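Comments concern the structure below.
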Protein chains: 2
Amino acid sequence: MVLKKMIDRYKAIGLKMTPQRLAILEYLDGNREHPSAEDIYRHVKKRFPTMSRATVYNTLETLRKRGLIMELSIDPMKKRYDPNIEPHHHLICLRCRNVLDVFMEFDVSVPEEARKDFVILGNHIEFYGLCSKCRNASHGEARNKEA
Amino acid sequence: MVLKKMIDRYKAIGLKMTPQRLAILEYLDGNREHPSAEDIYRHVKKRFPTMSRATVYNTLETLRKRGLIMELSIDPMKKRYDPNIEPHHHLICLRCRNVLDVFMEFDVSVPEEARKDFVILGNHIEFYGLCSKCRNASHGEARNKEA
DNA sequence: ATCTTTTTTAGAACCATTCTAATTTAATTA
DNA sequence: TAATTAAATTAGAATGGTTCTAAAAAAGAT
């Protein structure tokens, strides 16, 4: 459970721990769904009906700046968030947009001449394809518009 | 020049070739800037002042569906497009968001047990770091808000 | 030249995200 | 525990990217 660490870190840098933030942190803790801000908002709103979207966005931005979560550009329409900050990669279903983590390291170094003085600080591999559900169900699960 | 091929392909499937579409195709042909819809709109509007954003979006979607361009999820805020459909990867500057192509193949196969019945159809590697301009100029070129 | 179908257009609508300014609250200190 | 103060929350407005709409224009076929 990374939750406790997050809370401690929060306080250590002079940020206030509010019930709303705690709810967001709890939702994110161990979450493997790579949720969007709206996903998070919908969830925590159940417990805090007055919750504002701004709070979700602010909290996510604060967490990101502190390096406690990652912002993913996996979805063309919206940002998605990953509370797992271990470097890893993603398997993305082209049909239902679900995302599976891939905890592996690959040797993908780019030689000098190919990177033109660019300093490479990290990498992220998107594998795209079809998840087992979508591969079987010829219709079900569809959530996007590839064609 | 892939332009001619695109025009032929267009007609072959019964799509009409209009001056607006031609302008968009010409702008994309050989373009290595990974432009957004807005970038394209601004450019072609110079030549066609009545050009509508809808035309740009429609054309891009048509091209994408036909596999003539690729839609990139490189930028969290907007889609960007790549007329180069050869499989390749991208070097993304965290500071100015410029993108450099990497024409290399990497062995990134994911073993059975790691992909849980997922069928992998392709992959795309994002290398992120700092381009030479941004690395030198401590301020210039900044276009985003990493911190 | 006419006809049919597709495309273009301006603008409205929509969704994700950011901003705003007033109100509330966590944490500190007396 | 009450007062203080800096930070967080809130509803809603504003913004930016994208999609939709319905009417007008134009491409390609006959």
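No hydrogens, no waters, no symmetry mates; every other heavy atom, side chains included, goes into these values. Predicted model only: the values in this text are computed from it and were never measured. Here is how names work: the chains are called A, B, and so on, in the same order as the sequence lines, proteins then strands, and each is numbered from 1.
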Are A:His88 and A:His124 close enough that their ring centers fall under 6.0 Å?
no
Could you tell me whether the side chains of B:Asp101 and B:His34 share a donor-acceptor contact shorter than 3.5 Å?
yes
Judged by modelled atom types alone, do B:Asn58 and B:Thr55 share a side-chain donor-acceptor pair under 3.5 Å?
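Distance-only check fails for B:Asn58 and B:Thr55.
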May I ask you to evaluate whether [X] reaches the phosphate of [N], defined as a side-chain N or O under 4.0 Å from OP1 or OP2?
X: A:Gln20; N: C:dT25; value: no
X: B:Arg53; N: D:dG17; value: no
X: A:Lys79; N: D:dG17; value: no
X: A:Tyr57; N: C:dT18; value: no
X: A:Thr55; N: D:dA8; value: no

Tell me which of B:Ala54 and B:Gly14 sits closer to the 5' end of DNA chain C, going by the nucleotide each one is nearest to.
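By nearest-heavy-atom nucleotide position, the 5'-most residue is B:Gly14.
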Using a 4.0 Å heavy-atom cut-off across all strands, classify A:Lys78 as base, sugar-phosphate, or nothing.
sugar-phosphate
Any base atoms under 4.0 Å from A:Thr18, or only sugar-phosphate, or nothing? Heavy atoms, all strands.
sugar-phosphate
In whole Å, I'd like the distance from the [atom1] atom of [X] to the [atom2] atom of [N].
X: B:Lys45; N: C:dT8; atom1: NZ; atom2: C1'; result: 12 Å
X: B:Arg21; N: C:dT9; atom1: CZ; atom2: C1'; result: 14 Å
X: A:Met51; N: C:dT25; atom1: CE; atom2: C1'; result: 14 Å
X: A:Tyr10; N: C:dA27; atom1: OH; atom2: P; result: 12 Å
X: B:Met17; N: D:dA29; atom1: CE; atom2: C1'; result: 17 Å
X: A:Asp75; N: C:dC15; atom1: CG; atom2: C1'; result: 12 Å
X: B:Arg42; N: D:dT18; atom1: CZ; atom2: P; result: 12 Å
X: B:Asn58; N: D:dA25; atom1: CG; atom2: P; result: 18 Å

More 5' along DNA chain D: B:Ala37 or B:Lys11, using each one's nearest nucleotide?
B:Ala37
Residue whose nearest DNA chain D nucleotide is more 5′ - B:Pro19 or B:Glu38:
B:Glu38
Does A:Ser132 offer a backbone N or O that forms a donor-acceptor pair with the side chain of A:Asn136 under 3.5 Å?
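Between the backbone of A:Ser132 and the side chain of A:Asn136 there is a qualifying donor-acceptor contact (under 3.5 Å).
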Parallel under 30°, tilted from 30 to 60°, perpendicular over 60°: which one fits the rings of B:His43 and B:Tyr27?
parallel
